[in-house]
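Data block below; observations after.
These figures come from a predicted structure and were not determined experimentally.
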Amino acid sequence: MDNGFFKNIEKKTGVNMKDVFELANSLQHANFKDEKTVRNVIKKVSRLANKPVSRDLEDQIVKTIINDGSKLDFNTISNMINKK
(Lines give C-alpha, C1' and ligand atoms only; values in the text may rest on other atoms or scores of the structure.)
Protein backbone atom coordinates (compact mmCIF):
# COMPACT_ATOMS: atom_id res chain seq x y z
CA MET A 1 0.00 0.00 0.00
CA ASP A 2 1.25 3.42 -0.77
CA ASN A 3 1.70 6.28 1.66
CA GLY A 4 -1.08 8.28 -0.03
CA PHE A 5 -3.59 5.58 0.83
CA PHE A 6 -2.77 5.84 4.52
CA LYS A 7 -2.77 9.64 4.41
CA ASN A 8 -6.31 9.52 2.99
CA ILE A 9 -7.42 7.22 5.80
CA GLU A 10 -5.84 9.53 8.36
CA LYS A 11 -7.66 12.54 6.85
CA LYS A 12 -11.03 10.77 6.84
CA THR A 13 -10.79 9.20 10.29
CA GLY A 14 -8.51 11.54 12.19
CA VAL A 15 -6.59 8.47 13.36
CA ASN A 16 -2.83 8.28 12.92
CA MET A 17 -2.01 5.10 11.02
CA LYS A 18 1.24 4.70 12.95
CA ASP A 19 -0.87 4.38 16.12
CA VAL A 20 -3.12 1.80 14.45
CA PHE A 21 -0.13 -0.30 13.40
CA GLU A 22 1.43 -0.06 16.86
CA LEU A 23 -1.85 -1.21 18.41
CA ALA A 24 -2.16 -4.07 15.92
CA ASN A 25 1.39 -5.21 16.67
CA SER A 26 0.76 -5.11 20.41
CA LEU A 27 -2.34 -7.30 19.98
CA GLN A 28 -0.56 -10.10 18.13
CA HIS A 29 0.70 -11.85 21.26
CA ALA A 30 -1.68 -10.41 23.86
CA ASN A 31 -3.34 -12.75 26.34
CA PHE A 32 -7.06 -12.07 25.94
CA LYS A 33 -7.91 -14.30 28.89
CA ASP A 34 -6.13 -11.83 31.21
CA GLU A 35 -8.50 -9.13 32.47
CA LYS A 36 -5.80 -6.49 32.94
CA THR A 37 -4.56 -6.97 29.37
CA VAL A 38 -8.08 -6.75 27.99
CA ARG A 39 -8.82 -3.56 29.93
CA ASN A 40 -5.60 -2.00 28.61
CA VAL A 41 -6.55 -2.91 25.04
CA ILE A 42 -10.02 -1.39 25.49
CA LYS A 43 -8.51 1.83 26.81
CA LYS A 44 -6.05 2.01 23.89
CA VAL A 45 -8.79 1.44 21.31
CA SER A 46 -11.05 3.95 23.06
CA ARG A 47 -8.29 6.57 23.05
CA LEU A 48 -7.41 5.85 19.44
CA ALA A 49 -11.05 6.06 18.33
CA ASN A 50 -11.63 9.12 20.53
CA LYS A 51 -14.68 7.38 22.05
CA PRO A 52 -14.94 7.38 25.83
CA VAL A 53 -16.00 4.07 27.38
CA SER A 54 -17.99 4.01 30.60
CA ARG A 55 -17.00 1.59 33.34
CA ASP A 56 -20.18 -0.43 32.72
CA LEU A 57 -19.45 -0.76 29.01
CA GLU A 58 -15.82 -1.62 29.75
CA ASP A 59 -16.98 -4.37 32.14
CA GLN A 60 -19.34 -5.72 29.48
CA ILE A 61 -16.62 -5.73 26.82
CA VAL A 62 -14.13 -7.39 29.20
CA LYS A 63 -16.63 -10.12 30.05
CA THR A 64 -17.39 -10.75 26.37
CA ILE A 65 -13.73 -10.88 25.36
CA ILE A 66 -12.58 -13.08 28.23
CA ASN A 67 -15.43 -15.52 27.61
CA ASP A 68 -14.88 -15.63 23.83
CA GLY A 69 -11.41 -14.20 23.22
CA SER A 70 -10.70 -16.51 20.33
CA LYS A 71 -13.02 -14.45 18.14
CA LEU A 72 -11.53 -11.09 19.09
CA ASP A 73 -10.23 -8.60 16.60
CA PHE A 74 -9.90 -4.83 16.31
CA ASN A 75 -13.28 -4.55 14.55
CA THR A 76 -15.06 -6.44 17.32
CA ILE A 77 -13.80 -4.02 19.97
CA SER A 78 -14.46 -1.00 17.76
CA ASN A 79 -18.02 -2.14 17.05
CA MET A 80 -18.68 -2.65 20.77
CA ILE A 81 -17.41 0.84 21.55
CA ASN A 82 -19.46 2.42 18.76
CA LYS A 83 -22.68 0.74 19.92
CA LYS A 84 -22.72 2.69 23.20
Side-chain angles (χ1 to χ4, degrees):
M1 306 240 169
D2 65 65
N3 200 22
F5 175 77
F6 293 120
K7 290 294 180 193
N8 284 336
I9 292 174
E10 288 177 349
K11 282 171 78 174
K12 289 181 181 182
T13 64
V15 177
N16 184 315
M17 292 309 296
K18 180 182 176 216
D19 295 338
V20 172
F21 289 126
E22 286 176 2
L23 175 63
N25 285 334
S26 74
L27 297 179
Q28 286 183 348
H29 301 290
N31 176 5
F32 291 107
K33 294 294 182 186
D34 176 59
E35 182 176 337
K36 184 177 179 181
T37 299
V38 174
R39 288 190 187 279
N40 284 334
V41 168
I42 293 167
K43 288 175 181 157
K44 286 179 185 178
V45 172
S46 171
R47 214 173 311 121
L48 192 63
N50 198 26
K51 295 273 188 172
V53 175
S54 69
R55 182 62 180 196
D56 288 339
L57 180 57
E58 182 179 317
D59 291 341
Q60 179 185 357
I61 295 170
V62 168
K63 182 179 174 188
T64 300
I65 291 171
I66 288 176
N67 290 337
D68 198 15
S70 62
K71 296 180 182 175
L72 178 69
D73 59 27
F74 182 81
N75 286 331
T76 302
I77 299 171
S78 181
N79 288 337
M80 290 174 143
I81 290 171
N82 287 324
K83 283 183 183 177
K84 73 166 201 144

Worksheet entry | Non-hydrogen side-chain atoms of Lys44 and Ser26 separated by less than 4.5 Å | yes
Q. Does Asn50 CG have over 12 foreign heavy atoms under 6.0 Å away?
A. no
Looking only at heavy atoms, the pair that brings Val41 and Phe32 closest together is CG2-CE2, 4.0 Å
Intermediate values then yes/no, side chain to side chain contact (heavy atoms under 4.5 Å, CB included), Leu23 and Asp19:
CA-CA 6 Å; Leu23 175 63; Asp19 295 338; over 6 Å; no
Practice item. Determine, stepwise, if the pair Lys63 / Asp59 fulfils salt bridge (Lys or Arg N to Asp or Glu O under 4.0 Å). Key: CA-CA 6 Å; Lys63 182 179 174 188; Asp59 291 341; over 6 Å; no
**OP:** Dump the intermediate steps for salt bridge (Lys or Arg N to Asp or Glu O under 4.0 Å) on Asp34 and Arg39, then the final yes or no.
**Re:** CA-CA 9 Å; Asp34 176 59; Arg39 288 190 187 279; over 6 Å; no
Taken to the nearest 0.5 Å, the spacing of Ile61 CD1 from Asp56 CG works out to 11.0 Å
For Glu58 and Val53 the tightest heavy-atom approach is N-CG1, 3.6 Å
Rounding to 0.5 Å, atoms CD (Gln60) and CD1 (Ile65) come to a distance of 10.5 Å
Can you check whether Ile66's main-chain N or O pairs, donor with acceptor, with Lys33's side chain at less than 3.5 Å? yes
Minimal heavy-atom distance between Pro52 and Ser46, with the atoms involved, is CA-OG, 3.8 Å
